[in-house]
Amino acid sequence: MFSNPESDERWGKLDRPLRRVLPRSLLGRSMLIVLIPLLVTQAIVLGLFYGTYLNVVSRRLSDGITGEISLVISMMERTPEADRRGELLKDAAARTQLQFIFHPHAALLREGTNHVLGPIDDDFERALKQGLGRPFFVDWSAAPDTVRVSIGLPDGMLDVLTPHKRLSIGPIWMFLAWAFSSSALLFLIAGLFMRNQVRAIRRLAEAAELFGLGRDEGAIRPQGAREVRQAAIAFNRMQERVNRFVAQRTAVLAGVSHDLRTPLTRLRLSMAMLPTKGMIRAEDLQPDVHDMVADIEDMERLIGSYLSFARGEGAEKPVLTDIRGLIEDVAVAARRAGGHVLSVEGKEGVDVAVRPDALKRALTNLADNARRHGGAMRFSLWEGERRIEITVEDDGGGIPSDRRKTLLEIGGSGNNGGTGLGLTIVRDIIHAHGGTIRLLESPLGGLSVLLSLPK
């Protein structure tokens with residue numbers, strides 16, 4: 001999809017004033033997201049209630065009272081005697097809760113209504129026009145809570161006193177009070193919950209800022225929603241990895257001077273003991289040259305190990321890799337280097353997204369350790385639903401269980417001319433892939449290294 005510069009410019013002009021009005025904090029915007037739908041919902045409910053339900057009920061109430069008045073007038077027309085009319089009106093008042101007062105020979109002076117309340121009096125006036133077919137006047141201020149309806153008859157005027165409650169559903173302010181009070185209560189509860197969530201995010205941001213400034217305050221306690229807790233846990237893991245990275249690199253820098261000092265000292269002594277006078281034969285210098293070349297090779301090996309550790313993962317990107325094929329390549333290289341590979345076991349066609357060069361370097365380090373300490377080695381691959389496991393075993397002397405954890409640290413082992421960085425490099429590579437490394441006892445009698453990687 002391609003963006004339209006003109007539409008983007010128009011939207012930017014409309015968006016800038018809106019951003020000036022909107023709150024800038026996450027709490028304010030979250031509360032605005034809660035408040036706007038709440039107000040819209042209340043407005044819709046109010047409109048539906050007073051626009052539909054109130055009108056229907058108001059028309060029905062007006063039609064009911066009009067029907068009662070029309071029935072009483074019809075009965076009065078059938079009863080012309082004055083005494084019987086009085087009893088009729090008393091009986092109708094007792095049954096309908098309306099008061100009927102007949103004024104003989106009185107004339108109706110006004111028609112229509114004197115007060116406008118909204119849909120209630122409009123519906124009542126409409127019902128009287130349709131149901132009576134006679135002139136009338138509605139007085140809404142005749143008495144408190146009473147509506148007077150004066151109806152013109154051929155022989156007089158009939159006043160009907162109607163209780164206001166029979167025409168009204170109830171005061172609108174009660175409904176509004178309930179609606180807005182419930183909305184305010186819900187908004188307050190939402191504000192309390194959102195404040196707790198924002199507090200957790202703010203605490204995470206402060207911890208990240210302090211950690212970026214070099215002030216390590218330690219791990220933060222995960223709080224808030226699941227996503228915020230996951231972010232806090234991820235931050236704690238990142239903080240732990242960064243601290244471990246800094247500690248390892250610091251140890252490497254200290255180890256460089258320590259491990260290189262020994263071959264340099266030997267070279268200095270060898271150079272100092274070389275004869276400087278008289279006839280010097282090449283045969284006499286051959287042992288010293290051989291020793292110096294060996295020291296230089298040790299220095300090259302040490303520097304290579306340190307550079308390999310310092311290089312780490314680099315900028316290599318994960319790609320889908322055939323793990324079985326990668327293990328077989330390492331096994332072939334181990335055979336060429338003089339190692340005895342017993343077998344490569346496991347399922348073929350296991351493709352996992354890994355950094356192939358880094359993983360190959362880790363397996364090569366394990367193969368070199370197996371070749372140096374044992375000689376015979378075996379590779380195996382196991383595939384699960386969510387992870388794979390790679391095992392490298394040897395038939396060497398093995399490692400005591402109390403020393404296995406130490407081997408994964410910087411300089412944990414320096415036997416047989418090693419730098420102690422081999423397993424540490426493997427551990428960093430596996431951890432960078434989100435996996436784990438375990439040192440176990442091998443069925444072959446030596447050490448078994450179990451690498452677990454997520455799929």
Side-chain angles (χ1 to χ4, degrees), residues 248 251-252 255-256 259 294 297-313 323 326-346 354-382 388-433 435-453:
Q248 290 173 353
V252 166
V256 169
D259 292 338
E297 290 177 351
D298 289 340
M299 294 176 60
E300 290 178 347
R301 181 174 51 82
L302 291 173
I303 294 174
S305 298
Y306 287 128
L307 290 178
S308 177
F309 176 76
R311 183 169 61 250
E313 293 302 301
I323 303 300
L326 189 145
I327 295 176
E328 291 179 349
D329 292 341
V330 174
V332 171
R335 289 191 183 99
R336 287 201 302 264
H340 178 48
V341 180
L342 298 177
S343 62
V344 178
E345 304 174 356
V354 296
R355 298 176 177 88
D357 292 342
L359 184 59
K360 187 174 183 179
R361 187 188 316 122
L363 294 176
T364 302
N365 286 345
L366 295 179
D368 291 341
N369 288 339
R371 177 177 53 82
R372 187 166 55 249
H373 295 286
M377 65 192 76
R378 180 172 61 191
F379 298 87
S380 60
L381 172 64
W382 176 84
I388 63 170
E389 290 182 353
I390 304 174
T391 305
V392 181
E393 303 170 281
D394 62 59
D395 62 348
I399 302 295
S401 58
D402 56 347
R403 290 193 57 221
R404 291 172 185 170
K405 183 178 180 181
T406 308
L407 287 176
L408 297 176
E409 303 297 334
I410 295 292
S413 175
N415 298 333
N416 297 335
T419 63
L421 293 176
L423 286 176
T424 306
I425 295 173
V426 175
R427 181 200 61 183
D428 286 352
I429 293 175
I430 299 303
H431 285 178
H433 283 81
T436 59
I437 177 173
R438 296 176 61 190
L439 303 183
L440 306 173
E441 185 176 352
S442 171
L444 300 179
L447 182 67
S448 175
V449 183
L450 177 62
L451 308 179
S452 179
L453 296 173

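All residue numbers in this chain count up from 1 along the given sequence.
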What distance separates [X] [atom1] from [Y] [atom2], expressed to the nearest 0.5 Å?
X	Y	atom1	atom2	result
Ile430	Ile390	CD1	CD1	6.5 Å
Ile388	Leu453	CD1	CG	5.0 Å
Asp428	Ile437	CG	CD1	10.0 Å

Of the non-hydrogen atoms in [X] and [Y], which two are nearest, and what is the gap between them?
X	Y	result
Met377	Gly339	CE-CA, 4.3 Å
His433	Ile429	ND1-O, 2.8 Å
Pro356	Leu326	O-CD1, 3.7 Å
Thr436	His431	CA-CD2, 4.5 Å

**Asked** Just wondering, more than 12 heavy atoms not from Glu389 lying within 6.0 Å of its CD?
**Response**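 Buried by this count: over 12 neighbours within 6.0 Å.
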
Got a sec, which residues hit side chain to side chain contact (heavy atoms under 4.5 Å, CB included) with Thr391, two or more places apart in sequence or on another chain?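 Testing Thr391 for side chain to side chain contact (heavy atoms under 4.5 Å, CB included), a comparison that skips the adjacent residues, returns Ser380, Glu393, Ser448, Leu450.
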
In chain order, what residues pass the side chain to side chain contact (heavy atoms under 4.5 Å, CB included) check against Ala376, with sequence neighbours excluded?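 Expected list: His340, Leu342, Asp395.
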
Validation row: [X], [Y] side chains within 4.5 angstrom (heavy atoms):
X	Y	value
Phe379	Val341	yes
Lys360	Asp357	no
Val426	Leu451	yes
Asp394	Asn369	no

Does Ser442 reach the main-chain N or O of Leu444 with its side chain, forming a donor-acceptor pair under 3.5 Å?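 Flag set: sc Ser442 to bb Leu444 pair under 3.5 Å.
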
Please name the residue in the list Asp329, Val330, Ile323 that meets the side chain to side chain contact (heavy atoms under 4.5 Å, CB included) test with Ile327.
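That would be Ile323; it is the only one of Asp329, Val330, Ile323 passing the side chain to side chain contact (heavy atoms under 4.5 Å, CB included) with Ile327.
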
**Report entry** Arg371 bridged to Asp368 by N-O distance under 4.0 Å
**Finding:**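 Between Asp368 and Arg371 there is a salt bridge, with a charged N closer than 4.0 Å to a carboxylate O.
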
